[in-house]
Amino acid sequence: MAKDTARGRGIAIIGFGGLGRTVLHRLSEDGIPVAAVLVRAEKVAETAAMMPSGVAAVSRIDEIPAEVELVVETAGHAAVAQFGEAVLRSGRDFLIVSSGALGDRGLEDRLRRAVGETGRKLLVASGAIGALDVLQAAAAAGPVDVRYIGIKPPAAWKGTHAEKLVALSDLREPATFFRGSAREAVGLFPKNANVAATVSLAGSGFDATEVLLIADPSGGRNIHRLEIRSALADASFEIEAKPLPDNPKTSAVTAYSVVNFVRTGGSAISIAGA
Ligand SMILES: NC(=O)c1ccc[n+]([C@@H]2O[C@H](COP(=O)([O-])OP(=O)(O)OC[C@H]3O[C@@H](n4cnc5c(N)ncnc54)[C@H](O)[C@@H]3O)[C@@H](O)[C@H]2O)c1
């Protein structure tokens, strides 16, 4: 029996990779109605064959069933750019995990305008980081100094801009190979940009948020650290991400931040309209 949720009567998911599959399967197990999964046009038939009953595979926003009130993005930065305005202008709220897309000022402006003009919500899932409630409260009270530190083993930085900044294979101790603003980090490390972007959107913005990226050869751990200094509170938060079985590059907690939001309506950042 399908349940209504804090997010209305139906949701659609963009993307059917590690996160999209996990979210769909978990919500289906919980009896929460997923009406459609949006995939690339060439994947529709193959995806339709894998869908539980009642879930449509589509490739366009105008094919999403009318009862859907919330669209969830689990497909990457390009999908936020491709579908964001259409989702909001179709009268639905849009929950994204690929928050790094908003590091592009033009896209951020377009989506904020769509929020302002439609009254729909653009929401950013907490994803792989926590303590965003404290950060948002501190930012509401006044200026906040925010630093995000991302620590991964050298192998996890291979294939990124880090290779140009540090000899990853030769490291014997942790190396801070990047220190700069979240805006710069998102531009240089788009595949590792989402947590820095989410922290920026919750706190003091892409230009004022400091980011340090570290390659640490001493263990296989994938760590996100958040440091907050403000008049209201000083706080620090650290999380060691455990991988999603369907995609070891993605943290499992990200999938469940979406599941939790759909179930309870809690823990997402709402991006103000313009
Ligand atoms: N906020 C966070 O903390 C956080 C953490 C991990 C991942 N992410 C984001 O989540 C995204 C998805 O992660 P994943 O592990 O599921 O990746 P994945 O590569 O396993 O799956 C992404 C899926 O989306 C599909 N896709 C891509 N562009 C599409 C488009 N335009 N239309 C339809 N489908 C499209 C791909 O074909 C793929 O199947 C990542 O790209 C990343 O941006 C965010």
Side-chain angles (χ1 to χ4, degrees), residues 12-26 36-48 50-51 56-64 71-87 94-104 107 122-132 135 148 150 152 156 159-160 182 185-187 189-202 206 211 222-226 237-261 267-269 271:
I13 301 171
I14 300 180
F16 198 54
L19 287 178
R21 278 169 214 265
T22 308
V23 170
L24 173 66
H25 290 139
R26 189 55 205 239
V37 169
L38 188 148
V39 296
R40 295 179 197 280
E42 64 274 17
K43 294 269 173 92
V44 167
E46 173 194 324
T47 308
M50 292 187 270
M51 287 298 108
V58 302
S59 64
R60 299 199 318 261
I61 299 300
D62 62 8
E63 294 175 310
I64 292 176
V71 176
V72 176
E73 172 277 323
T74 65
H77 297 184
V80 175
Q82 184 180 350
F83 299 114
E85 272 192 274
V87 170
F94 191 31
L95 175 71
I96 65 171
V97 294
S98 299
S99 50
L102 300 184
D104 174 337
L107 178 62
L122 174 61
L123 300 154
V124 178
S126 53
I129 191 75
L132 300 178
L135 175 53
Y148 161 69
K152 294 183 184 184
T160 76
V186 165
F189 301 93
K191 293 201 170 139
N192 296 277
N194 293 309
V195 176
T198 301
V199 165
S200 302
L201 291 160
F206 283 93
V211 172
N222 187 351
I223 291 170
H224 303 291
R225 191 177 294 153
L226 176 57
F237 175 82
E238 182 174 297
I239 178 169
E240 180 180 348
K242 304 280 168 70
L244 194 67
D246 276 7
N247 181 356
K249 288 190 173 166
T250 290
S251 62
V253 72
T254 301
Y256 286 85
S257 77
V258 172
V259 170
N260 178 51
F261 178 80
S267 286
I269 304 161
I271 305 296

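When a ligand or atom number is given, it counts from 1 through the structure's own listing order.
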**Item:** Closest protein heavy atom (residue, atom, distance) for atom 1 (N) of ligand 1
**Value:** Val97 O, 2.8 Å
**Request:** Kindly identify the option in Thr250, Asn192, Val37, Val124 whose heavy atom sits closest to atom 15 (O) of ligand 1.
**Result:** Thr250
**Prompt:** Considering only the protein, which heavy-atom contact is closest to atom 16 (O) of ligand 1, and what is its distance?
**Reply:** Leu19 N, 2.8 Å
**Message:** Test your reading of the structure: does Ala128 have an N or O sitting under 3.5 Å from an N or O of ligand 1?
**Reply:** yes
**Asked** Who passes salt bridge (charged side-chain N to carboxylate O under 4.0 Å, His left out) against Glu46, sequence neighbours left out?
**Response** none
**Message:** For the 3.5 Å polar cut-off, considering only N or O atoms, please tell me whether Gly15 and ligand 1 meet it.
**Reply:** no
**Request:** Considering heavy atoms of the protein only, find what lies nearest to atom 22 (C) of ligand 1 and give residue, atom and distance to 0.1 Å.
**Result:** Thr74 O, 3.8 Å
**Prompt:** For ligand 1, which atoms have a heavy atom of Phe83 less than 4.0 angstrom away?
**Reply:** 31 (N), 32 (N)
**Request:** Would you mind telling me if ligand 1 is within reach of the side chain of Val39, the backbone, both or neither, using heavy atoms under 4.0 Å?
**Result:** backbone
**Message:** Which residue and atom name correspond to the protein heavy atom nearest atom 41 (O) of ligand 1, and how close is it?
**Reply:** Gly76 CA, 3.4 Å
**Min N/O separation Arg40 to ligand 1 under 3.5 Å** = yes
**Message:** On a heavy-atom basis, which atom in Ala36 and which in Val58 lie closest, and how many Å separate them?
**Reply:** CB-CG2, 4.4 Å
**Asked** atom 4 (C) of ligand 1: which protein heavy atom is closest, and how many Å away?
**Response** Thr254 CG2, 3.7 Å
**Request:** Answer with side chain, backbone, both or neither: which part of Gln82 has a heavy atom less than 4.0 angstrom from an atom of ligand 1?
**Result:** side chain
**Asked** Can you tell which part of Asn194 has a heavy atom less than 4.0 Å from ligand 1: side chain, backbone, both or neither?
**Response** side chain
**Message:** Given 3.5 Å as the limit, does a donor-acceptor pair link the side chain of Ser98 with the main chain of Thr74, or not?
**Reply:** no
**Prompt:** Just distances here: any N/O of Asn247 and N/O of ligand 1 closer than 3.5 Å?
**Reply:** yes
**Message:** Evaluate Lys242 against Val253 for side chain to side chain contact (heavy atoms under 4.5 Å, CB included), listing each step before the verdict.
**Reply:** CA-CA 8 Å; Lys242 304 280 168 70; Val253 72; over 6 Å; no
**Prompt:** Among protein heavy atoms, which sits nearest to atom 40 (C) of ligand 1, and what does the distance come to when rounded to 0.1 Å?
**Reply:** Ser98 OG, 4.1 Å
**Asked** Is there any N or O on Gly127 that sits under 3.5 Å from an N or O of ligand 1?
**Response** no
**Numbered atoms of ligand 1 (with element) below 4.0 Å of Phe16, judged on heavy atoms** = 39 (O)
**Request:** Please report which non-hydrogen protein atom sits nearest to atom 23 (C) of ligand 1, along with the residue it belongs to and the distance in Å to one decimal place.
**Result:** Gly17 N, 3.7 Å
**Request:** Flag the pair Leu19 / Leu244 as yes when at least one side-chain heavy-atom distance between them is below 4.5 Å, and no otherwise.
**Result:** yes
**Fill in**
Of Ala197, Gly18, Ala78, the residue with the heavy atom nearest atom 20 (O) of ligand 1 is Gly18
**Fill in**
Nearest heavy-atom contact between Ile269 and Ala202 is CD1-CB, 3.6 Å
**Nearest heavy-atom neighbours spanning Glu238 and Ile223** = CG-CG2, 3.5 Å
**Protein heavy atom under 4.0 Å of atom 36 (C) of ligand 1** = no
Can you list, pair by pair, the side-chain donor-acceptor contacts under 3.5 Å of residues 191-200, counting residues two or more places apart and other chains?
| unit_1 | atom_1 | unit_2 | atom_2 | d |
| --- | --- | --- | --- | --- |
| Asn192 | OD1 | Lys152 | NZ | 2.5 |
| Asn194 | OD1 | His77 | NE2 | 3.0 |
| Asn194 | OD1 | Ser99 | N | 3.1 |
| Asn194 | OD1 | Gly100 | N | 3.0 |
| Thr198 | OG1 | Ser99 | OG | 2.7 |
| Thr198 | OG1 | Asn194 | O | 2.9 |
| Ser200 | OG | Ala196 | O | 2.7 |

**Within 45° cone and under 6.0 Å: Arg21 NZ/CZ vs Phe16 ring** = yes
